[in-house]
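One-based numbering along the sequence shown. Below, all heavy atoms of this structure are taken into account, side chains as well, without hydrogens, waters or symmetry copies. Each ligand, and each atom within it, is numbered from 1 in the order the structure gives.
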Amino acid sequence: MKNTLIAPSILAADFANLQRDIEMINNSEADWFHIDIMDGVFVPNISFGMPVLAAIAKHAKKTIDVHLMIVDPDQYIKTFADLGANVLSVHYEACSHLHRTLQAIKAEGMKAGVAINPHTNIDLLEDIINDIDLVCVMSVNPGFGGQSFIENTYEKVRKLKALINKKGASTIIEIDGGVTNKNAVQLVEVGADVLVAGNFVFKAENPTQTIADLKKLTAF
Ligand code: DX5
Ligand code: ZN
């Protein structure tokens, strides 16, 4: 049976009740905390930075999955390791020397992730896939929560899964943006291993139950 990992995105939490929302995730069936860091340059929005991540890490009892939507991520790799990140994803589009960046992330003891924008072709990962622990397939344009899911994602995930198999890589696939109970099953069927969910979880009447339902729905 598939154990699909569920990663609620803190971007959709109530920042005035952050500790409460973190405890909700700690006590739920969620697997990871997904943390979106935006710089207002790589994406047209600014989320939050290091002091907020430090506050989250103080209470979070599960894997901390950090998604950097920033230019020049290399200069902050050690900082994010020190802050408690377990998985660190950089954007393919933000890295001129991706191979070097991934080695630097691993050297700090973290899993190395690569996020790709909706327009970025899977074939571009062919020469680097064996060095990537996780590919974060963006199913919306990065920068904002609450956007609608881009349908072409299924085809991309299918292609990515085929590439991973062809290369004998152990890379896992994460989907980020617009994930709901309407697309979760199909995403897992085409190869997704981790589902990020922001608004679908936090805007639900019962977030804990919504996480449990998503977990159950994707275990088959
Ligand atoms: C978008 C972020 C996502 C976002 C997902 O730039 O990378 O992680 O929080 O939020 P939803 O699930 O609401 O689309
Ligand atoms: Zn994200």
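With no hydrogens or angles considered, no side-chain donor-acceptor pair links Asn27 and Thr208 at under 3.5 Å. A donor and an acceptor atom, one from each side chain of Asn3 and Lys215, are located under 3.5 Å apart.
Annotation: side chain of Glu174 is in contact with side chain of His34 (closest heavy-atom distance under 4.5 Å). Contact check for Val140 versus Met138: side-chain heavy atoms found under the 4.5 Å cut-off.
Here the CG-CZ distance, from Asn117 to Phe42, works out to 4.5 Å after rounding to the nearest 0.5 Å.
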Could you go step by step and tell me if Glu189 and Arg158 meet the side-chain contact (heavy atoms from CB on, under 4.5 Å) rule?
CA-CA 9 Å; Glu189 277 171 355; Arg158 224 177 263 124; over 6 Å; no
Which is it for Gln186 and Asn183 under the side-chain hydrogen bond (donor to acceptor under 3.5 Å, both in side chains) test, yes or no, and what are the steps along the way?
CA-CA 6 Å; Gln186 200 176 339; Asn183 50 33; over 6 Å; no
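For the Zn ion (ligand 2), the neighbouring protein N/O/S atoms at less than 2.8 Å, given as residue and atom, are His34 NE2, Asp36 OD1, His67 ND1, Asp176 OD2.
The stretch residues 98-125 participates, sequence neighbours left out, in these salt bridge (Lys or Arg N to Asp or Glu O under 4.0 Å) pairs: Asp123-Lys159. Applying the salt bridge (Lys or Arg N to Asp or Glu O under 4.0 Å) test to every pair with at least one member in residues 1-20, sequence neighbours left out, gives these pairs: Lys2-Asp193, Asp14-Arg20.
Contacts of ligand 1 (protein heavy-atom distance under 4.0 Å) are Ser9, Leu11, His34, Asp36, Met38, His67, Met69, Met138, Pro142, Gly143, Phe144, Gly145, Gly146, Asp176, Gly177, Gly178, Val196, Ala197, Gly198, Asn199.
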